[in-house]
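Quantities reported herein were computed from a predicted structural model and do not represent experimental measurements. Heavy atoms only: backbone and side chains are in, while hydrogens, waters and symmetry mates are out.
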Amino acid sequence: MTLWADTRASSGTLDECIDRIARKEPLGMDDLYQLAAPGVYAFALSVLKNSHDAEDVLQDTFLRIYDGAASYHSQGKPMAWILTITKNLCYKRLQELKRGGAIPLEEWKDYGLAQSGTTSDDRLVIQACMEKLTDDERQIVVLHAVSGFKHREIAKMLDMKLSTVLSKYHRAVKKLKNNL
């Protein structure tokens, strides 16, 4: 059972958008933002646990993409490049803020739960379940469920062994099932 629809865009489409940004075409950034922003925001929120900080990192990510588009060399994984930028900005923000905590209920709507027809009761259950996960587990679940990344891609992004990502993911899914 997945909680969110797969919002990951095809690599070719994202690569095309980045190429258009590098050529300074006006709609390149708009198209990229529409395709990648939900996954970027969800990942930033899972790390930062604060919607305001996640929104700041979302905007900073796209500013960095705009600045770095000309030097981007496609390796077939543009979303991994984008989320690496996001991850680095999140860690920088965490170092600046030195804080953590639970994600408030109203911010879970930003994960895309409101769009999928979930009720407020469903969101309460999902929030309660997600709070039972560690930060690593929550990030892995969000990257896999929201952004549609494969476990191997997640392992590279988070600088973890594949076996660690798989065990944390399966442990998280087990926790979610037990809490449901």
Side-chain angles (χ1 to χ4, degrees), residues 2-9 14 32-68 77-116 123-124 126-176 179:
T2 58
L3 300 175
W4 303 280
D6 183 1
T7 58
R8 191 171 101 179
L14 294 175
L32 182 68
Y33 190 87
Q34 291 299 316
L35 293 169
V40 170
Y41 179 80
F43 179 70
L45 184 60
S46 75
V47 173
L48 298 169
K49 301 177 189 81
N50 177 290
S51 64
H52 299 292
D53 293 333
E55 288 169 6
D56 287 345
V57 165
L58 172 69
Q59 298 306 318
D60 290 345
T61 297
F62 283 92
L63 288 173
R64 292 269 175 100
I65 291 168
Y66 183 80
D67 291 340
K77 301 200 181 299
M79 195 62 175
W81 178 68
I82 292 168
L83 288 180
T84 299
I85 293 169
T86 306
K87 177 182 76 168
N88 292 336
L89 290 169
C90 285
Y91 291 157
K92 181 180 175 186
R93 178 64 54 107
L94 284 174
Q95 287 175 345
E96 292 169 359
L97 301 174
K98 298 283 186 196
R99 69 171 185 216
I103 301 172
L105 176 61
E106 62 275 2
E107 294 179 21
W108 282 104
K109 295 176 189 172
D110 296 321
Y111 270 104
L113 297 174
Q115 304 166 14
S116 64
R123 286 191 295 275
L124 282 171
I126 291 167
Q127 178 196 19
C129 290
M130 292 296 279
E131 287 176 353
K132 303 281 186 196
L133 303 179
T134 66
D135 288 342
D136 285 345
E137 290 169 342
R138 187 171 28 260
Q139 288 173 24
I140 291 167
V141 167
V142 167
L143 283 171
H144 186 69
V146 175
S147 297
F149 281 97
K150 295 177 182 167
H151 297 291
R152 189 173 310 277
E153 295 169 322
I154 296 168
K156 280 185 175 182
M157 275 186 271
L158 299 179
D159 295 323
M160 293 180 178
K161 292 180 182 179
L162 177 60
S163 59
T164 303
V165 169
L166 288 169
S167 66
K168 287 179 183 274
Y169 177 76
H170 290 296
R171 188 177 314 122
V173 168
K174 188 175 181 178
K175 283 182 186 178
L176 291 171
N179 286 308

Mind checking the [atom1]-[atom2] spacing from [X] to [Y]? Nearest 0.5 Å is all I need.
X      : Y      : atom1 : atom2 : answer
Arg64  : Thr84  : CZ    : OG1   : 12.5 Å
His151 : Glu153 : NE2   : CD    : 10.5 Å
Leu166 : Arg152 : CG    : CZ    : 8.5 Å
Asp60  : Glu55  : CG    : CD    : 12.0 Å
Leu162 : Ser167 : CG    : OG    : 9.5 Å
Asp56  : Arg93  : CG    : CZ    : 4.5 Å

Is any side-chain heavy atom of [X] closer than 4.5 Å to a side-chain heavy atom of [Y]?
X      : Y      : value
Ile65  : Phe62  : yes
Met160 : Asp136 : yes
Val40  : Tyr33  : no
Lys87  : Val47  : no
Tyr66  : Leu63  : no

Heavy atoms only: give me the nearest [X]-[Y] pair and the separation to one decimal.
X      : Y      : result
Glu137 : Ala172 : CB-CB, 3.8 Å
Ala44  : Thr86  : CB-CG2, 4.1 Å
Leu133 : Leu176 : CD1-CD2, 4.2 Å
Ala36  : Leu14  : CB-CD2, 4.4 Å
Ser51  : Leu45  : N-CD1, 3.8 Å
Leu83  : Gly39  : CD2-O, 4.2 Å

Less than 4.0 Å between a side-chain N and a carboxylate O, is that true for Asp135 and Arg138?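 A salt bridge links Arg138 with Asp135.
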Between Thr134 and Lys175, is a side chain to side chain contact (heavy atoms under 4.5 Å, CB included) present by the stated rule, with each step listed? CA-CA 10 Å; Thr134 66; Lys175 283 182 186 178; 4.2 Å; yes
Show your working on side chain to side chain contact (heavy atoms under 4.5 Å, CB included) between Lys174 and Arg171 and close with a plain yes or no. CA-CA 5 Å; Lys174 188 175 181 178; Arg171 188 177 314 122; 5.7 Å; no
Using 30° and 60° as the class boundaries, would you call the ring planes of Tyr169 and His144 parallel, tilted or perpendicular?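 Judged by the thresholds at 30° and 60°, the geometry between Tyr169 and His144 is perpendicular.
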